[in-house]
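Working notes, beginning with the structure itself.
Here the structure is a predicted model, which means the values were calculated and not measured. Atom set for the values below is all heavy atoms of this structure, side chains included, hydrogens, waters and symmetry mates excluded.
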Amino acid sequence: MPDSLRQLLKDGLQPDAPVITPHIGVLTLHFQLYGCDDLKAKRKAFTAMKAVWGREADLAVAETADHDALDCATWTIAALGTSSQQISQRLDAVEKAIAERIDAAILDVQREIL
């Protein structure tokens, strides 16, 4: 264990240290797919989900349901930020970019700020 971490654990939080409360936003998108004959075609349709948004430092992206279904998909994006407003704006931008880039109809959008 590095000495700096050991010292931090020993000292605890400083009384004058700012406390940052992170906020989390969860965006769940339900897609309708057309023309996917197998799971490989389905994965190819959603390659950009992980390739583009999965590399963003403030986002986590995962297929969360309908794994074996060929006609639908459910993906969830979690965003981390310092304020609810920042997260809401970020999720708006991500949702718009996904709608423009992914070749599948979005049937339902669920959003939650924690």
Side-chain angles (χ1 to χ4, degrees):
M1 179 183 308
D3 291 333
S4 58
L5 180 57
R6 188 173 287 123
Q7 184 66 33
L8 181 62
L9 292 173
K10 179 183 169 190
D11 293 345
L13 290 175
Q14 302 296 327
D16 59 343
V19 176
I20 299 173
T21 305
H23 296 270
I24 300 171
V26 179
L27 175 68
T28 302
L29 302 167
H30 301 277
F31 294 94
Q32 178 69 48
L33 294 164
Y34 302 100
C36 287
D37 298 327
D38 56 13
L39 290 175
K40 185 176 180 180
K42 179 181 175 180
R43 272 188 249 115
K44 186 176 180 181
F46 289 99
T47 299
M49 291 292 284
K50 284 189 177 181
V52 174
W53 297 284
R55 294 179 187 217
E56 298 286 330
D58 62 334
L59 300 177
V61 179
E63 184 177 8
T64 54
D66 306 316
H67 299 284
D68 294 329
L70 296 178
D71 62 341
C72 59
T74 301
W75 283 77
T76 300
I77 298 97
L80 184 65
T82 57
S83 72
S84 297
Q85 182 181 8
Q86 177 194 24
I87 291 173
S88 184
Q89 290 172 350
R90 178 69 164 134
L91 290 177
D92 286 342
V94 169
E95 182 183 346
K96 182 180 176 185
I98 288 172
E100 292 172 355
R101 184 137 185 192
I102 300 298
D103 188 24
I106 299 175
L107 297 177
D108 185 36
V109 177
Q110 296 172 344
R111 189 181 291 217
E112 185 176 2
I113 305 292
L114 307 172

Counting N and O atoms only, with roles assigned by atom type, does the side chain of K42 sit under 3.5 Å from a partner on the main chain of A69, one being a donor and the other an acceptor? yes
Note, W53 side chain near I77 side chain (heavy atom, < 4.5 Å):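 No, every pair of side-chain atoms sits at 4.5 Å or beyond.
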L70 side chain near L39 side chain, heavy-atom distance below 4.5 Å: yes
When rounded to the nearest 0.5 angstrom, what distance separates [atom1] in [X] from [atom2] in [Y]?
| X | Y | atom1 | atom2 | result |
| --- | --- | --- | --- | --- |
| D38 | K44 | CG | NZ | 10.5 Å |
| W75 | I106 | CH2 | CD1 | 13.0 Å |
| C36 | R43 | SG | CZ | 11.0 Å |

Between [X] and [Y], which heavy-atom pair has the shortest distance, and what is it?
| X | Y | answer |
| --- | --- | --- |
| K50 | V61 | CE-O, 4.3 Å |
| E112 | L114 | OE2-CD2, 3.2 Å |
| H23 | S84 | ND1-OG, 3.7 Å |
| S88 | I113 | N-CD1, 4.5 Å |
| A79 | L59 | CB-CD2, 3.6 Å |

With hydrophobic residues grouped by side-chain heavy-atom distances under 4.5 Å, do L107 and I102 end up in a single group? no
Count I, L, V, M, F, W, Y as connected when their side-chain heavy atoms are under 4.5 Å apart, and connections chain through other members. Are V52 and M49 then in the same cluster?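 Yes.
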Give a yes or no on whether D37 atom CG has more than 12 heavy-atom contacts from other residues, nucleotides or ligands under 6.0 Å away. no
May I have the list of side-chain donor-acceptor pairs in residues 25-35 shorter than 3.5 Å, sequence neighbours left out?
unit_1, atom_1, unit_2, atom_2, d
T28, OG1, T76, OG1, 3.4
H30, ND1, T74, OG1, 3.1
Q32, NE2, D71, O, 2.8

Using the side-chain contact (heavy atoms from CB on, under 4.5 Å) rule, take E95 and L91 through it: C-alpha gap first, then chi angles, then the decisive distance, then the call. CA-CA 6 Å; E95 182 183 346; L91 290 177; over 6 Å; no
